Amino acid sequence: MPNAIRVRFAPAPTGYMHIGNAHTALFNWLFARSQGGSMVLRVEDTDELRSTDEALGVIYEGLRWLGVDWDEGPDIGGPYGPYVQSERLDIYQAYVQRLIDARQAYECFCTPEELEEQRELMRARGIPPKYDGRCRDLSQEDKQRLRAEGREPCIRLRVKETGKTIINDIIQGQVVYDNALIGDPVIVKTSGYPTYHLAVVVDDHLMQITHVIRAVEHLPNTQIHLQLQEALDIKPPQYAHLPLILGEDRTKLSKRHGAVAVTDYAEQGFLPEAMFNFLALLGWSPGSEEEILSRQEILDRFSLEACSSSPSVFDVEKATWMNGEYITNADAQHVADLVLPLLQEEGLIEQDLTPQRRQWLVKVVDLMKSRVKLLSTFSSWARYFFTDDFEYENRARRQWLNDSQTPAKLETLADRLEALSEWSADTIETTVRGLAEQMDIKAAEVIHPCRAAVTGTTIGPSLFHLMELLEQSDVVARLRRAAQLSAAGELAPTDQEDTPSGPAT
RNA sequence: GCCCCCAUCGUCUAGUGGACCAGGACACCGGAUUCUCAGUCCGGCAGCCGGGGUUCGAAUCCCCGUGGGGGUACCA
């Protein structure tokens, strides 16, 4: 049974959902779920020019992928709807009227150009630029005249000119702002749309939000929100401002840092569990030395008080490592499900799998998953399981395939393997080692060229187990093909660089 | 410019006046594993931004500096 704790994730649907948004959503969710509270999803589309339905879709998609769910929202409704701000215009209107009636808000007829001029002037005079309040006390005649000029007003909140505004933030501690430093903020645009400040304060109040957990870039706005609440006689919620997530250059993570959208990471083959775990550890620590933590373990230990107030850099390298840990420890069946569509997309496996074929795929995955860090690399690293059409890597050519001894070894091995009546890792191993012994060379001298011939690469899982999963006839054919190409001198190293498909950058 | 915030290895972090010549993880480097490594195991490198206080004692508290970040919109 949910208690009175209510939090909200309130994205603006103006672009993609980036890591920072996901982080904020996640921390709201962690707080709500760990406290037995409710999570509200509210769409802040008051930027009527940039908001799109498409962006909203991406937000839903990102949240669902991460496993962050909500109890009330535009898609499922709830007792405090509507949950989309553009559908709440009349609600804001009522509050604005109250403010105007109480002379706490007023019409401002200044044009953007005039405002810019004001700011320039103040900057030039070395004083902090802010709205100078020139429309604060316009008479009815003034307003009529300005309207007659064709001007449409916006509405500003009359803020205090003296004193301090004190914010007691759960994460940031006490922060004090000087009231004299801010000008009267716009609360309703000329278009009639509310600005963020008005909408957020009204909605958090009406939706009975108890804890506002948002990024620290909103901390300076909080002084406006506190003043708005006072003017409206609204009890403020508790605030918790989360530190920012930075790019490698230590500036706020943004598009120019490369992959920053949650969907980018999903596409690269991040497991949602891994991203969830990694994001939870950005700005919060369980206080123990374990880092791989399940959802439940994180939930059990989470608290807002334990959140750090200093920003953190999003380290893709470490996130990738963590993802590898999750893939390694995941059930092979599960990983097979995730990897299957990628293989199908590449045309490496059929669209409809027989149960036997699926079982085979699970075995391949089981063999490979401990060395894969991103799902997206699976299809290239495991390519040779699915097709004969693979490249011989340069390292394989240089070290083994270009050797004059190799064709004979491969031919002999092919003959012997072809003769095997039972095809298993054991029988293959016995054959390979037997050949080495007979030739009086180390087993490695057979194993390596064999791997190169069968997989085109010098690295991979246990050769015998890998071969077991291939068709016997196929292996024999690959050995003979490589032997012939090698003998013909066609497997000399090329001047092309090997391009190991490491973590995508 | 002004306001606010932040400051422990390159990165994520533990640390809340004595248990810290600072612990873990990623990355990096080295060794092992002789069936390879991009896997695994073992080991190593590397940090309290600087300066002043307070205190018997400071990574921890205070001040100043420096550095970084955020804000300063009819964006959110």
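Below, chains carry the letters A, B, ... as their sequence lines are ordered, and counting in each starts from 1. Keep in mind that the numbers below use all heavy atoms, side chains included, and drop hydrogens, waters and symmetry copies. These numbers were taken from a predicted model, which means no experiment stands behind them.
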Distance-minimising heavy-atom pair for [X] and [Y]:
{"X": "Lys130(A)", "Y": "Leu181(A)", "value": "CD-O, 4.0 Å"}
{"X": "Leu244(A)", "Y": "Glu217(A)", "value": "CD1-N, 4.2 Å"}
{"X": "Trp321(A)", "Y": "Lys373(A)", "value": "CA-CE, 4.3 Å"}
{"X": "Glu248(A)", "Y": "Val313(A)", "value": "CA-CG1, 4.0 Å"}

Give a yes/no on whether any side-chain N or O of [X] is located under 4.0 angstrom from OP1 or OP2 of [N].
{"X": "Lys130(A)", "N": "rA73(B)", "answer": "no"}
{"X": "Arg119(A)", "N": "rA73(B)", "answer": "yes"}
{"X": "Lys189(A)", "N": "rA76(B)", "answer": "yes"}
{"X": "Thr46(A)", "N": "rA76(B)", "answer": "yes"}

Could you tell me which nucleotide pairs with [N] by Watson-Crick or G-U wobble geometry, both distances under 3.5 Å, or answer none if nothing does?
{"N": "rA7(B)", "answer": "rU66(B)"}
{"N": "rU72(B)", "answer": "rG1(B)"}
{"N": "rU36(B)", "answer": "none"}
{"N": "rA59(B)", "answer": "none"}
{"N": "rA22(B)", "answer": "none"}
{"N": "rU54(B)", "answer": "none"}
{"N": "rG43(B)", "answer": "rC29(B)"}

Looking only at atom [atom1], what distance separates [N] and [M], rounded to whole Å?
{"N": "rA19(B)", "M": "rG15(B)", "atom1": "P", "answer": "15 Å"}
{"N": "rG68(B)", "M": "rA25(B)", "atom1": "C1'", "answer": "24 Å"}
{"N": "rA22(B)", "M": "rU60(B)", "atom1": "P", "answer": "15 Å"}
{"N": "rG43(B)", "M": "rC48(B)", "atom1": "P", "answer": "25 Å"}
{"N": "rC63(B)", "M": "rU72(B)", "atom1": "C1'", "answer": "28 Å"}
{"N": "rC21(B)", "M": "rC6(B)", "atom1": "P", "answer": "28 Å"}
{"N": "rC9(B)", "M": "rA59(B)", "atom1": "C1'", "answer": "13 Å"}
{"N": "rG24(B)", "M": "rA14(B)", "atom1": "C1'", "answer": "7 Å"}

Of Pro461(A) and Gln174(A), the one whose closest RNA chain B nucleotide lies more 5':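 Whichever sits nearer the 5' end wins; that is Gln174(A).
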
On RNA chain B, compare the nucleotides closest to Gln85(A) and Val175(A); which residue's is nearer the 5' end?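 Final value for this comparison: Val175(A).
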
Is a side-chain donor-acceptor pair under 3.5 Å present for [Y] with [X]?
{"X": "Thr457(A)", "Y": "Thr455(A)", "result": "no"}
{"X": "Thr458(A)", "Y": "Gln399(A)", "result": "no"}
{"X": "Tyr196(A)", "Y": "Asn221(A)", "result": "no"}
{"X": "Glu290(A)", "Y": "Ser288(A)", "result": "yes"}
{"X": "Thr251(A)", "Y": "Asp249(A)", "result": "yes"}
{"X": "Asp184(A)", "Y": "Tyr106(A)", "result": "yes"}

Summary of protein contacts for nucleotides 14-26 of chain B, nucleotide by nucleotide, where a base hit scores B, a sugar-phosphate-only hit scores S (4.0 Å, heavy atoms): S--------SBBS

Candidate nucleotides [options], ranked by approach to the side chain of [X] - the nearest:
{"X": "Cys154(A)", "options": "rC74(B), rA76(B), rU36(B)", "answer": "rC74(B)"}
{"X": "Leu282(A)", "options": "rC12(B), rA38(B), rG1(B)", "answer": "rC12(B)"}
{"X": "Ala12(A)", "options": "rA76(B), rU36(B), rC6(B)", "answer": "rA76(B)"}
{"X": "Leu181(A)", "options": "rA38(B), rU36(B), rC3(B)", "answer": "rC3(B)"}
{"X": "Pro129(A)", "options": "rG1(B), rC75(B), rU36(B)", "answer": "rG1(B)"}
{"X": "Leu219(A)", "options": "rG1(B), rC74(B), rC4(B)", "answer": "rC4(B)"}

Enumerate all atom pairs, one protein N or O and one N or O from nucleotides 39-42 of chain B, separated by less than 3.5 Å.
from    : atom 1 : to        : atom 2 : distance (Å)
rG39(B) : OP1    : Lys373(A) : NZ     : 2.8

Sequence neighbours left out, what pairs pass ring pair (Phe, Tyr, Trp, His ring centres under 6.0 Å) with at least one residue falling in residues 153-186 of chain A?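 Sorted result for residues 153-186 of chain A: empty, none.
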
Just verifying a value: how many Å separate His241(A) NE2 and Leu304(A) CG, rounded to the nearest 0.5 Å?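 So the NE2 of His241(A) and the CG of Leu304(A) are separated by 12.0 Å.
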
Quick one: pull up CZ in Arg88(A) and CZ in Arg42(A) and give me the separation to the nearest 0.5 Å.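 That separation rounds to 7.5 Å.
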
When the distance from [atom1] of [X] to [atom2] of [N] is rounded to whole Å, what number comes out?
{"X": "His225(A)", "N": "rG71(B)", "atom1": "NE2", "atom2": "C1'", "result": "12 Å"}
{"X": "Arg214(A)", "N": "rG71(B)", "atom1": "CZ", "atom2": "C1'", "result": "13 Å"}
{"X": "Ile292(A)", "N": "rU13(B)", "atom1": "CD1", "atom2": "P", "result": "16 Å"}
{"X": "Leu56(A)", "N": "rA76(B)", "atom1": "CG", "atom2": "P", "result": "16 Å"}
{"X": "Met122(A)", "N": "rA73(B)", "atom1": "CE", "atom2": "C1'", "result": "15 Å"}
{"X": "Asn168(A)", "N": "rC4(B)", "atom1": "CG", "atom2": "C1'", "result": "15 Å"}
{"X": "Leu115(A)", "N": "rA73(B)", "atom1": "CG", "atom2": "C1'", "result": "9 Å"}
{"X": "Leu198(A)", "N": "rC75(B)", "atom1": "CG", "atom2": "P", "result": "13 Å"}

Within-4.5 Å side-chain heavy-atom neighbours: [X] and [Y]:
{"X": "His225(A)", "Y": "Asp204(A)", "value": "no"}
{"X": "Ile182(A)", "Y": "Thr165(A)", "value": "no"}
{"X": "Gln172(A)", "Y": "Ile167(A)", "value": "no"}

Atom pairs under 3.5 Å, N or O on each side, protein against nucleotides 66-70 of chain B: can you list them with distances?
from    : atom 1 : to        : atom 2 : distance (Å)
rG70(B) : OP1    : Lys252(A) : N      : 3.2

Check for a donor-acceptor pair, side chain of Asn323(A) on one end and backbone N or O of Ala274(A) on the other, with a separation under 3.5 Å.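 No; zero donor-acceptor contacts below 3.5 Å.
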
Can you check whether any acceptor in the base of rC74(B) is under 3.5 Å from a donor in the side chain of Thr190(A), or vice versa?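 Such a pair is found, so the answer is yes.
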
Provide a list of protein-nucleic acid N or O atom pairs under 3.5 angstrom, restricted to nucleotides 31-33 of chain B.
none

Got a sec, which residues hit side-chain hydrogen bond (donor to acceptor under 3.5 Å, both in side chains) with Trp70(A), two or more places apart in sequence or on another chain?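 Partners of Trp70(A) under the side-chain hydrogen bond (donor to acceptor under 3.5 Å, both in side chains) test: Asp75(A).
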
